[in-house]
Amino acid sequence: MPFPFSLSPLCANGACEMTDMQTLYTAFGGTIETALKALVTDGVLPEDASFKNVTLEPPRDPSHGDLATNAAMVLAKPAKTNPRALAEALVTKLEAAPGIASAAIAGPGFINLTLDPQVWLDELAAITALADDYGRSTMGKGTRVNVEYVSANPTGPMHMGHCRGAVVGDALSSLLELAGHKVTREYYINDAGGQVDTLARSAHLRYREALGEDIGEIPEGYYPGDYLKPIGEYLAQELGDKHKDTPEAEWLPYFRAEAVEKMMDLIKADLALLGIHHDVFASEAALHAAGKPDEAEKWLREQDLVYDGVLEAPKGKAPPEDWEPVELPLFRSTKFGDDQDRPIKKSDGKWTYFGADLAYHMQKAESADELIDIWGADHAGTVKRIKAAVAALSEGKGKPTPFDVKLVQMVQLMRGGEPVKMSKRSGNFITIADMIEEVGRDVVRFTMLTRKPEAQMEFDFAKVVEASKDNPVWYVQYAHARIQSTLRKALEDEGFSPSSDAIADLGDEEHALIKRAAQFPREVEAAAKAREPHRIAFYLYDLATDLNAFYSLGNTDTQKRFIVKQDARLSQSRLFLAAAIGQVLRNGLRVLGVEAVDRM
RNA sequence: GCGCCCUUAGCUCAGUUGGAUAGAGCACGGGAUUUCUAAUCCUGAGGCCGCAGGUUCGAAUCCUGCAGGGCGCGCCA
């Protein structure tokens with residue numbers, strides 16, 4: 001964790017009542033900062049020394065103690081001394097600090113800190129006291145983050161391509177909330193382009209079909225899916241044959257609105273199956289109606305960031321047959337690192353997708369301090385232009401809005417190692433609803449988060465339901481169920497319940513487990529900072545591993561079980577530990593939107 | 001031709017934003033159970049972190065070049 005160890009404003013003012021909101025790392029970061037400042041006073045470090053690159057992290061090797069800092073290595077140069085000499089001066093200060101049992105110099109100049117056991121016992125008690133709030137952080141300082149995800153076109157039900165982005169966006173939103181941000185979960189409905197006109201025409205076709213007409217094969221240029229049949233029937237019921245033979249202009253807007261609404265109902269139902277609920281559904285059509293794109297264009301023209309110009313034909317590959325140079329209003333995205341300026345309007349005068357999207361991002365920035373978009377990797381080519389647009393628009397407002405586009409790669413569906421063949425024509429097409437019905441919501445969600453989003457992944461229907469350590473979802477839930485089962489049994493058979501009265505008696509093996517659990521708040525902050533919810537999934541797997549390892553000690557030595565019949569004191573302390581581990585597992589799973597089951 | 005993403009054990013993947021001897025799972029070898037859920041645990045072997053330079057106390061991580069794989073490349077969305 002880099003300096004400065006920014007505590008919550010309350011703590012910074014010295015009136016720090018909220019020690020519970022501090023992580024172990026911010027607390028001991030403060031200890032190190034104090035020690036370094038003392039060295040400045042002593043003249044060992046120069047007045048202007050920057051602590052920016054000083055880190056405090058858990059060492060990989062447990063024999064290196066509980067915490068390690070690189071302070072001496074980073075500051076040796078400005079102090080005009082060698083790392084070891086500086087480390088010795090720092091160690092003297094640190095050993096006198098509260099909570100630190102010992103400090104040792106190691107390797108090229110690391111300082112390894114071993115903490116008083118009491119620190120871990122306090123942390124254990126804190127988990128229980130904070131319960132669902134353990135891991136919650138004030139890091140985000142309440143800044144407003146708008147996360148836009150899914151935003152599938154309202155032309156049909158959700159397909160697999162949307163699933164991963166949906167889960168990642170939702171988990172990221174929860175993660176940011178836990179890390180102290182105010183999050184808006186937003187969905188952008190593309191209800192204004194040519195696609196929804198096609199949808200309206202397809203609905204009209206089904207409407208005629210519902211009125212008894214033989215429409216034969218669905219012609220090219222229409223959406224063929226059966227999911228449009230109910231809409232045709234609904235419209236036939238509502239309208240009778242009123243628009244059976246009238247000109248398109250008379251029925252299209254109505255059919256479009258109705259069809260989009262029904263499509264959104266389908267999509268929302270799919271999202272609900274995944275446990276996903278957005279706060280805002282933003283309509284592109286409404287954006288146009290409000291004149292937002294015109295507003296953006298006007299402003300950008302004033303800044304000379306939009307001009308009328310002609311694009312060159314693409315180099316390197318043969319230009320399209322019907323290539324014709326046309327003058328269009330272009331956004332100067334090259335000024336922000338894009339390869340080409342981009343049209344915001346089409347030659348027919350209508351807005352391009354980009355033109356509207358640009359205005360949409362401007363609108364989002366009005367009520368958020370920061371924007372995040374989750375996109376499919378097939379849109380990678382358009383990242384630069386939208387980043388350019390946000391940079392242009394938010395700089396103009398005086399306050400640049402941080403903006404991040406997360407690209408989520410495709411998921412390859414497999415079954416027992418073989419790729420699942422999907423063909424829309426044959427109807428052999430797996431929807432999100434099918435997938436959830438087969439393996440369950442928890443499996444879908446967790447599995448989508450067991451790979452970093454920008455890497456392609458496989459989803460094997462056979463593997464994800466396996467009951468083994470090879471299957472992270474199962475393994476983490478198993479650890480939680482095991483804990484719950486133990487707590488139940490302790491109460492039923494022996495009348496033992498968790499108690500912190502004698503946790504000071506717990507030994508090294510228990511402490512190791514507490515140390516892992518104590519990493520959770522740090523993992524939350526690190527994952528939130530990196531915008532990487534998958535880190536929580538990996539952490540939970542590690543925590544489950546430690547729990548199972550500890551649990552297994554009891555197989556060969558009954559004195560090491562959670563429940564030791566002859567020793568109520570010890571049992572209740574261990575049960576207190578078990579309950580705390582269960583709490584951390586639940587808190588982590590909650591971020592991922594996965595249920596922590598009590599039995600399996 | 002250009003842009004973006006990826007390349008780590010035989011396979012599938014992590015890697016704490018630049019830290020110490022690069023870690024898990026599967027598969028392979030050896031072990032543990034009259035179990036509080038063995039659907040588990042312990043242990044062994046397995047590596048040119050794609051290749052070559054650079055930056056510095058220190059690089060899988062940052063920069064440059066090259067190779068291989070994926071995605072995209074006029075007004076679609």
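Naming: A, B, ... by sequence-line order, numbering from 1 per chain. Worth saying up front: this structure is predicted, and the values here are computed from it rather than measured.
Among the heavy atoms of the strands, none lies under 4.0 Å from A:Asp546. Here A:Met410 lies out of heavy-atom contact (under 4.0 Å) with every strand. Looking at heavy-atom distances under 4.0 Å, A:Glu327 makes no contact with the nucleic acid at all. Within 4.0 Å of A:Asn190, counting heavy atoms only, lie sugar-phosphate atoms of the nucleic acid but no base atom. Residue contacts shown for A:Pro343 are limited to sugar-phosphate atoms, with no base heavy atom under 4.0 Å away. Nucleic acid contact for A:Ala76: none, since no nucleic acid atom lies under 4.0 Å from a heavy atom of the residue. Among the protein residues, A:Ala526 comes within range of no part of the nucleic acid, since none of its heavy atoms lies under 4.0 Å from any strand. Counting any heavy atom pair closer than 4.0 Å across all strands shown, A:Pro472 reaches no nucleic acid atom. Residue contacts for A:Val74: at a heavy-atom cut-off of 4.0 Å it reaches a base atom on one of the strands shown. At the heavy-atom level, A:Thr155 lies nowhere under 4.0 Å from the strands shown.
Aromatic stacking is marked for A:Phe110 over B:A20, as both cut-offs hold: 5.5 Å for the centres and 30° for the planes. Put simply, A:His379 does not rest on the base of B:G72: the two rings are not both less than 5.5 Å apart at their centres and under 30° in tilt.
Distance CG (A:Asp197) to C1' (B:A77): 13 Å, rounded to an integer number of Å. Look at NE2 on A:His64: it is 12 Å from P on B:A22, rounded to the nearest Å. Rounded to an integer number of Å, the gap from A:Glu509 CD to B:C41 C1' is 13 Å. Distance CG (A:Asn471) to C1' (B:U40): 15 Å, rounded to an integer number of Å. The nearest whole Å value for the distance from the CE atom in A:Met600 to the C1' atom in B:U40 is 13 Å.
Remark: A:Arg482 is positioned above the aromatic ring of A:Tyr551, its terminal NZ or CZ atom under 6.0 angstrom from the ring centre and at most 45 degrees off the axis. Geometric assessment of A:Arg522 against the ring of A:Tyr25 yields a positive cation-pi assignment under the 6.0 Å and 45° thresholds. Judged by the 6.0 Å distance and 45° axis criteria, A:Arg385 is not positioned over the aromatic ring of A:Phe331.
A:Arg60 contributes a side-chain N or O that forms a donor-acceptor pair with the base of B:U16 under 3.5 Å. One cannot find a donor-acceptor pair under 3.5 Å joining the base of B:A77 and the side-chain atoms of A:Asp378.
Only the C1' atoms considered, B:A52 is 27 Å distant from B:C13, to the nearest whole Å. Between B:U43 and B:G25, the two C1' atoms lie 16 Å apart (nearest whole Å). For the C1' atoms, the distance linking B:G70 with B:G30 amounts to 41 Å, nearest Å. Taking atom C1' in both B:A60 and B:A22, one finds a spacing of 7 Å when rounded to whole Å. B:G46 and B:U61: their P atoms are spaced 24 Å apart (whole Å). If you take atom P in B:C42 and the same atom in B:C26, they sit 11 Å apart, rounded to whole Å. Remark: the separation of the P atoms in B:U33 and B:C28 is 22 Å, to the nearest Å. On the C1' atoms, B:C66 is 41 Å away from B:G29, given to the nearest whole Å.
Listed by residue number, the members of residues 474-483 of chain A with any heavy atom below 4.0 angstrom from RNA chain B are A:Trp474, A:Tyr475, A:Tyr478, A:Ala481, A:Arg482. For residues 548-558 of chain A, proximity to RNA chain B is found at A:Asn548, A:Ala549, A:Tyr551, A:Ser552, A:Gly554, A:Asn555, A:Thr556, defined as any non-hydrogen atom under 4.0 angstrom from a strand atom.
With A:Leu358 as the partner, the side-chain contact (heavy atoms from CB on, under 4.5 Å) test is satisfied by one option alone out of A:Val390, A:Ile344, A:Val306: A:Ile344.
Atoms CD and CZ, from A:Gln477 and A:Arg599 in turn, are 15.0 Å apart once rounded to the nearest 0.5 Å. The distance from atom CG of A:Asn112 to atom CG of A:Leu67, rounded to the nearest 0.5 Å, is 9.5 Å. Between the NZ atom in A:Lys529 and the CE atom in A:Met139 there is a gap of 5.5 Å [rounded to 0.5 Å]. Atoms CD1 and NE2, on A:Ile267 and A:His162 in that order, are 7.5 Å from each other to the nearest 0.5 Å. Distance check: A:Ser151 OG to A:Ile189 CD1 gives 8.5 Å after rounding to the nearest 0.5 Å. The CG atom of A:Asp557 sits 12.5 Å away from atom OG of A:Ser552, with the distance rounded to the nearest 0.5 Å.
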Trace of the salt bridge (Lys or Arg N to Asp or Glu O under 4.0 Å) decision for A:Asp460 with A:Arg415: CA-CA 5 Å; A:Asp460 194 312; A:Arg415 195 178 288 280; over 6 Å; no
Residue pair A:Asp373, A:His361: steps toward the side chain to side chain donor-acceptor pair (under 3.5 Å) verdict: CA-CA 10 Å; A:Asp373 287 1; A:His361 281 75; 2.6 Å; yes
Chi angles and distances behind the salt bridge (Lys or Arg N to Asp or Glu O under 4.0 Å) call for A:Glu492, A:Lys489: CA-CA 5 Å; A:Glu492 284 163 17; A:Lys489 193 169 174 65; over 6 Å; no
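Remark on RNA chain B: of its neighbouring residues A:Ala192 and A:Ser485, the 5'-side contact belongs to A:Ser485, judged by nearest-heavy-atom nucleotide. Taking the nucleotide of RNA chain B with the nearest heavy atom to each of A:Lys489 and A:Asp339, the more 5' of the two is matched to A:Asp339.
Here A:His534 reaches the OP1 or OP2 of B:G15: one of its side-chain N or O atoms lies under 4.0 Å away. Of the side-chain N and O atoms in A:Lys469, one or more sit less than 4.0 angstrom from OP1 or OP2 of B:G25. Side-chain N/O atoms of A:Thr486 include one lying less than 4.0 angstrom from OP1 or OP2 on B:U37. In terms of phosphate contacts, A:Lys346 brings a side-chain nitrogen or oxygen within less than 4.0 Å of OP1 or OP2 of B:A77.
Every residue meeting the side chain to side chain contact (heavy atoms under 4.5 Å, CB included) condition with A:Lys350, not counting sequence neighbours, appears here in chain and number order: A:Lys346, A:Asp348.
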Protein proximity profile, nucleotides 6-13 of chain B - base contact B, sugar-phosphate-only contact S, no contact -, cut-off 4.0 Å on heavy atoms: SS----SS
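The aromatic rings of A:Tyr360 and A:Tyr188 sit parallel to each other, their planes meeting at less than 30°, with 60° as the upper class boundary.
Counting only residues at least two apart or on different chains, no salt bridge (charged side-chain N to carboxylate O under 4.0 Å, His left out) pair has a member in residues 462-472 of chain A.
Nearest to the side-chain atoms of A:Asp61 among the listed nucleotides B:A20, B:U21, B:G15 stands B:U21.
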Intra- and interstrand pairs of RNA chain B - dot-bracket, Watson-Crick/G-U under 3.5 Å, | marks other strand: (((((((..((((.....[...)))).(((((.......))))).....(((((..]....))))))))))))....
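Atom CG of A:Asp508 has 12 or fewer heavy atoms from other residues, nucleotides or ligands within 6.0 Å.
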